[in-house]
Amino acid sequence: MDTPILEFHGAAGSVTGSCFLLKAGGARILIDCGMFQGSKTEKELNYRPFPFEPVEIGAVLLTHAHIDHSGLLPKLAKDGFSGPIYATPASIDLCAIMLQDSGHIQEAEVRQLNRRNRRRSGETVEPIYTADDARSIMPQFIAVEYGEWRETAGAVRFRFWDAGHLLGSASIEIEASGMEGPVRLLFSGDIGPGSKLFESPPEAPSEIDYLICETTYGNREREEYALKERRIRLQKLVAQANQPNGVLLVPSFAVERTQEVLTDLLALMEAGTLQRCPIFIDSPLASRATGAFKKHVVEMENGANFLRALNAPNVRFTETAEQSKALDLVTGFHIIIAASGMCEAGRIRHRLKNWLWRNECTVLFVGFQAAGTLGRILQDGAKIVRIQGEEIRVSARMATLDAYSGHADASELDDWVMERGPIRKGLFLVHGEAGARDAMSSRLSEKLSVAIISPHLDDVYELSGTSARLLSRVAPARLQPEEIGHRDWHNDYQNFVLNLADRLKDAADHKSRAVILRRLERALEADGDDPKKSGIP
């Protein structure tokens, strides 16, 4: 009997690209196959070959439909994977919508990029996959209900537990054969907070050999908000944003976060504590996802309130590009909820381009912003950003309300981990940036007697004996730890160009500008391998 092997091919040092390869019983099983987001350095991984052979994968177990967990499934199939993809029924319904939307976005972005490349005599590129590729993978999905044991390749048994993060989200319990008997693993997926509008508290089994746990908010405590307090906070933020001909822009994940914010806004307006105003949902994906939510409304907490909000006369969904563009002409205070949640793609970038330079705009972040994304750059206080090739001076006010986050915070994660005890052989911390993983590891090391491991991208562990053992890689890691979960040189370059433009504008005269440019030229001409020669500190 082979010893199980676990490989970490995503969400190892960052919060995106979730992908874990379990080798057991002579089979290879993927847990998630997500898309990398964040800096350009990380996103470029989406275009590169997988670090394994897709044709050799026997099955995929999917925790949930978010693109950072499911987004590369069409590429996996396009590259040769033909096996089953096991997911909850709600996750399958959402994937049918979200993966096609992802394909559409990639096609549109590649068309725009190729136009630029042709003007620069550059090479054209192909999308990672198309909407048709996404549609073609749907017959490979197999629905599995919570709590239902199934057996897949390599005689591996598994069952789903409600993770409380998103409609259909699951933690996955796995039993695999090992040299010393069955090995029990639990992949947390994304763990929801204790209180969410549409989700029940997360559930999972105890007495696990190996726990693979997310750490998105591993170093962060959110303010404790019951539903009433959360709505009071939202009411105050909207009231502060309400200016004549102003706007409240809410970059929001199209699935669940949008529907949750909308339900709260309408509840406040119905109660008379918030002035009624137009609310625009500027996301075709959110519109289609809302249909999936209606299908599963009986499974949702507060489902009736959600349906009532959808029928409010001041709520409009924009479907076509023309309807979206018309929002730039709306007068009077209004609210626009648009995807994507990290401002990396979609219609929110058009809305930001139109509004960021105006002080009558407020941008409200209601979800986690990964390092290197436009959302994080704005949240961190950038004064100038570049959107669609244009420099935009930021005069809008930034606000954050993380009470809507779909992730458990630090103490909730600690409690969830301890409830899985006894953890017999090891705890792997994944799906978190370095600070989050380090903080969580430090806290839990005082409570647990097992090894706590923070794997790097493409690390390989043998799950044998009393603890996991790191193996030598056959191939080098695709990225080094310092290149993951951080701003990259693309971000630094853009910031440098924007700051240079500011310096040149602020220079007293043409002579002063020429001096600045000559200094830069001399620095570039100096020996780049020796920073001291160029005078750069």
Side-chain angles (χ1 to χ4, degrees), residues 1-11 18-34 52 54 56-66 69-70 73 76 81-92 94-95 137 140-166 168-192 202-214 416-417 419-420 423-428 430-431 461 463 468:
M1 188 65 66
D2 293 336
T3 299
I5 300 293
L6 184 58
E7 302 182 2
F8 296 84
H9 296 307
S18 182
C19 184
F20 313 110
L21 175 58
L22 176 64
K23 298 177 181 177
R28 298 171 180 235
I29 298 169
L30 278 189
I31 295 85
D32 288 347
C33 190
F52 48 81
E56 296 178 356
I57 301 300
V60 175
L61 311 182
L62 182 65
T63 60
H64 63 288
H66 277 152
H69 292 255
S70 71
L73 285 172
L76 188 73
F81 168 68
S82 59
I85 304 168
Y86 297 99
T88 64
S91 288
I92 294 174
L94 291 175
C95 279
I137 197 177
Q140 292 177 240
F141 279 87
I142 296 176
V144 180
E145 300 288 349
Y146 291 125
E148 177 184 340
W149 277 107
R150 287 289 185 97
E151 185 173 303
T152 187
V156 169
R157 299 175 71 235
F158 70 92
R159 62 176 167 174
F160 293 147
W161 295 79
D162 189 347
H165 168 71
L166 171 73
S169 64
S171 298
I172 305 178
E173 178 185 4
I174 294 177
E175 286 187 1
S177 297
M179 295 286 289
E180 301 154 358
V183 178
R184 294 186 71 210
L185 301 94
L186 179 63
F187 291 82
S188 72
D190 288 352
I191 298 300
E203 299 177 342
S206 57
E207 298 187 35
I208 298 298
D209 290 319
Y210 292 100
L211 175 60
I212 298 87
C213 184
E214 69 120 324
W416 186 87
V417 169
E419 288 167 5
R420 308 285 73 80
I423 301 170
R424 300 188 182 97
K425 297 187 177 182
L427 169 62
F428 291 96
V430 297
H431 203 285
Y461 282 85
L463 308 182

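Numbering of residues begins at 1 and proceeds along the displayed sequence.
The shortest non-hydrogen separation linking S169 to G164 is OG-N, 3.7 Å. Closest of all the heavy-atom pairs between A11 and V430 is O-CB, 3.3 Å. Taking both residues in full, the closest heavy atoms of L6 and L463 are given as CB-CD1, 4.1 Å, listed atom of the first, atom of the second, then distance. For A468 against Y210, the heavy-atom pair with the smallest separation is N-OH, 3.4 Å. Scanning all heavy atoms of the two residues, the minimum distance from G178 to P4 falls at CA-CD, 3.9 Å. Residues I191 and P202 come closest through the heavy atom pair CG2-CG, 3.9 Å.
Partners of E173 under the salt bridge (charged side-chain N to carboxylate O under 4.0 Å, His left out) rule, at least two apart in sequence or in another chain, are R159, R184. Qualifying salt bridge (charged side-chain N to carboxylate O under 4.0 Å, His left out) partners for E419, counting only residues two or more places apart in sequence or in other chains: none. For R420, there are no salt bridge (charged side-chain N to carboxylate O under 4.0 Å, His left out) partners at least two apart in sequence or on another chain.
Screening L76, I92, L73, L61 against I85 for a side chain to side chain contact (heavy atoms under 4.5 Å, CB included) leaves a single residue, L73.
In this structure the side chain of D190 never reaches within 4.5 angstrom of the side chain of L166, judged on heavy atoms. Contact annotation: the side chain of I172 approaches that of T63 to within less than 4.5 Å [non-hydrogen atoms, C-beta and beyond]. By the 4.5 Å heavy-atom criterion applied to side chains, F141 and L62 are counted as neighbours. Inter-residue side-chain proximity for R150 and I142 is flagged as met; some heavy-atom pair is nearer than 4.5 Å. Counting only heavy atoms from C-beta outward, the side chains of L21 and I57 approach each other to under 4.5 Å. Side chains of H431 and H69 form a contact here, defined as non-hydrogen atoms less than 4.5 Å apart. When side chains are defined from C-beta on, Y86 does not count as touching I29, because their heavy atoms never get closer than 4.5 Å.
Ring pair F428/F20: centre-to-centre distance not below 6.0 Å.
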- Query: Does the side chain to side chain contact (heavy atoms under 4.5 Å, CB included) test come out yes or no for I212 and I31, once each step is laid out?
  - Reply: CA-CA 11 Å; I212 298 87; I31 295 85; over 6 Å; no
- Task: Show the numbers, then the answer: is there a side chain to side chain contact (heavy atoms under 4.5 Å, CB included) between L186 and S171?
- Result: CA-CA 7 Å; L186 179 63; S171 298; 4.2 Å; yes
- Message: Applying side chain to side chain contact (heavy atoms under 4.5 Å, CB included) to C19 and F52, what does each step give before you reach the verdict?
- Response: CA-CA 11 Å; C19 184; F52 48 81; 4.1 Å; yes
- Query: Can you list the steps and then say if F81 with C33 is a side chain to side chain contact (heavy atoms under 4.5 Å, CB included)?
  - Reply: CA-CA 12 Å; F81 168 68; C33 190; over 6 Å; no
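Rounding to the nearest 0.5 angstrom, the gap separating the CZ atom in R157 from the CD atom in E151 is 7.5 Å. Taking NE2 of H66 as the start and CG of D32 as the end, the distance is 12.0 Å to the nearest 0.5 Å. Rounded to the nearest 0.5 Å, atoms CZ (F8) and OG (S18) are 10.5 Å apart.
Ring geometry for F158 versus F160: interplanar angle of 30 to 60°, hence tilted. Between H64 and H165, the ring planes lie perpendicular to each other; the angle is over 60°, past the 30° to 60° tilted range.
Of the possible donor and acceptor atoms, one in the side chain of S70 sits under 3.5 Å from a partner among the backbone N and O of A65. With S188 contributing its side chain and E214 its backbone, the two residues share a donor-acceptor pair below 3.5 Å.
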